[in-house]
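Report on one structure; see the data block that follows.
Along the sequence shown, residues are numbered consecutively beginning with 1.
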Amino acid sequence: MPLIRPDLDTLPAYVPGRAIAGAIKLASNEVSLPPTAPVLAAIAEAAAAGNRYPDLAVTGLTARLAEHLGVDTGRISIGCGSVSLCQQLVQATCLEPSDEVVFAWRSFESYPIVAHIGGATMRRVPLDADFRHDIDGMIAAVTPKTRLVLVCSPNNPTGTVVTRAEMERLLTAVGPDVLVALDEAYFEYVDDPAAVDGMALVDAYPNLVVLRTFSKAYRLAALRVGYSVSTPEVAAALRKVCSPFSVSSVAQAGAIAALDNADELLAACTDVKSERIRVRDVLLQAGYPVPPTQANFVWLPLGERTAPFDAHCLDNKVIVRPFASDGVRVTVSAPEENDAFLAAAQSFVD
């Protein structure tokens, strides 16, 4: 008998954005600005107690989020980034190898990884021609074995959103016995009034779990803290399968301070929204078919041109994020960094 699960040989690896000295990194959807001064001060103060274990229940952040969101603390679960909560959702819902997890593809690359680790069966539903979730296709993919549906809006890596009407149609169609997780990691960048807001639906649909993160707009990617809002029963289950002490004291302190400093932090999202329009417009003028984006990145569906385009950008000291033969995701950053990318894109000849 092998010591290690043989199926791990086929487990897709999460591919982080590269970092190369002297190059502009637009591969990881990071915010170019550091945390604000009050957040940095809270982080430093918490680090001084680094010899002590963190609060297992993440009590302070849970209470602060409950106040911020207007929900009971029992409905909140905190995790080591929202990706950790995705894995906890699989662990909490899928028991048998035949239990299914449905998600769109291409979408967040961690979805097949966490489903595989959880021993579940994956059902991938292709995006539609506009690089959006095919909601009717996802509804059709649900079977009596489906335990979890993952919906990413804005979708990573395409930037497209699911509308509120589409989300309600999905939630109603799958029924109360299928959990639907709405992954809103980029929610703070959304300005489309038709886009779904999970918190506006979570009270009406007991099978909905809303996932959000402090990694993006709140500028705390390195601290790894995300949260979910659901029914108390689902939240309790997520806490049961969470690794103990997975949210550090530093992460908790930084997240609380970020909420307290939200006005300043989220004001910077306005600049990203303006820049993403400019970046997309220039790319469209250059002949790239870039779908509308509601995130802090753009998607270039380059197909077989993906690898050459990636190499060309790297030759121009710009690091983008290629996805096999599907396309390239590029973070919308500061204007000067965006200009460097646009110059590379405009000079690309395949």
Side-chain angles (χ1 to χ4, degrees), residues 30-31 33-89 91-92 110 181-189 197-203 208-269:
E30 298 156 325
V31 177
L33 298 170
T36 56
V39 176
L40 289 172
I43 290 170
E45 182 178 353
N51 57 307
R52 304 294 185 184
Y53 281 108
D55 172 16
L56 179 64
V58 202
T59 308
L61 179 55
T62 300
R64 184 65 182 82
L65 275 169
E67 176 189 3
H68 177 71
L69 299 169
V71 299
D72 186 80
T73 56
R75 300 179 65 187
I76 294 173
S77 180
I78 312 292
C80 184
S82 54
V83 65
S84 174
L85 289 161
C86 288
Q87 184 163 337
Q88 291 165 234
L89 280 165
Q91 292 172 315
S110 285
L182 176 59
D183 187 346
E184 294 185 305
Y186 300 91
F187 172 78
E188 291 80 7
Y189 296 101
D197 174 352
M199 289 306 301
L201 299 179
V202 73
D203 288 340
L208 174 62
V209 182
V210 178
L211 305 176
R212 292 185 182 173
T213 185
F214 287 91
S215 294
K216 308 303 180 185
Y218 287 96
R219 310 182 198 171
L220 294 177
L223 298 192
R224 311 307 306 132
V225 56
Y227 62 93
S228 70
V229 181
S230 61
T231 63
E233 294 77 16
V234 171
L238 290 175
R239 289 191 289 271
K240 287 179 180 179
V241 297
C242 182
S243 296
F245 306 114
S246 61
V247 178
S248 71
S249 299
V250 172
Q252 179 174 203
I256 293 171
L259 286 172
D260 292 341
N261 201 219
D263 289 346
E264 181 179 352
L265 286 164
L266 300 185
C269 294

Is any side-chain heavy atom of [Y] closer than 4.5 Å to one of [X]?
X	Y	value
Ser228	Leu238	yes
Pro54	Val247	no
Val83	Arg224	yes
Val210	Arg75	no
Phe187	Met199	no
Leu223	Ser248	no

Heavy-atom closest contact ([X] atom, [Y] atom, distance):
X	Y	result
Tyr189	Lys216	OH-C, 3.9 Å
Thr62	Ile76	O-CD1, 3.7 Å
Ala63	Thr73	CA-CG2, 4.1 Å
Ala181	Leu89	CB-CD1, 3.6 Å
Ala268	Arg219	CB-NH2, 3.4 Å
Pro244	Leu56	CA-CD1, 3.8 Å

**Prompt:** ring-ring contact (aromatic ring centres under 6.0 Å, His included): which pairs involve residues 40-84, sequence neighbours left out?
**Reply:** Tyr53-Phe245

What's the separation between atom [atom1] in [X] and atom [atom2] in [Y], rounded to the nearest 0.5 Å?
X	Y	atom1	atom2	value
Ser230	Leu211	OG	CG	9.0 Å
Arg239	Gln88	CZ	CD	10.5 Å
Leu85	Ile78	CG	CD1	8.0 Å
Gln91	Ser84	CD	OG	8.0 Å
Leu259	Leu265	CG	CG	9.5 Å

**Request:** Name all residues meeting the side chain to side chain donor-acceptor pair (under 3.5 Å) criterion together with Gln252; count only those two or more places apart in sequence or in a different chain, and write none if there are none.
**Result:** none

**Message:** Before you tell me yes or no, could you show the steps for Thr213 and Ser215 under side chain to side chain donor-acceptor pair (under 3.5 Å), namely the whole-Å CA-CA distance, both residues' side-chain angles and the distance that decides it to 0.1 Å?
**Reply:** CA-CA 5 Å; Thr213 185; Ser215 294; 3.2 Å; yes

**Item:** Non-neighbouring partners of Arg212 that pass salt bridge (Lys or Arg N to Asp or Glu O under 4.0 Å), sequence neighbours left out
**Value:** Glu184, Asp197

**Prompt:** Quick one: salt bridge (Lys or Arg N to Asp or Glu O under 4.0 Å) partners of Glu30, sequence neighbours excluded?
**Reply:** Lys25

Just list the side-chain donor-acceptor pairs under 3.5 Å for residues 36-47, sequence neighbours left out, or say none.
unit_1, atom_1, unit_2, atom_2, d
Thr36, OG1, Asn261, OD1, 2.4

**Asked** Who are the ring pair (Phe, Tyr, Trp, His ring centres under 6.0 Å) partners of Phe214, not counting sequence neighbours?
**Response** Tyr218, Tyr227

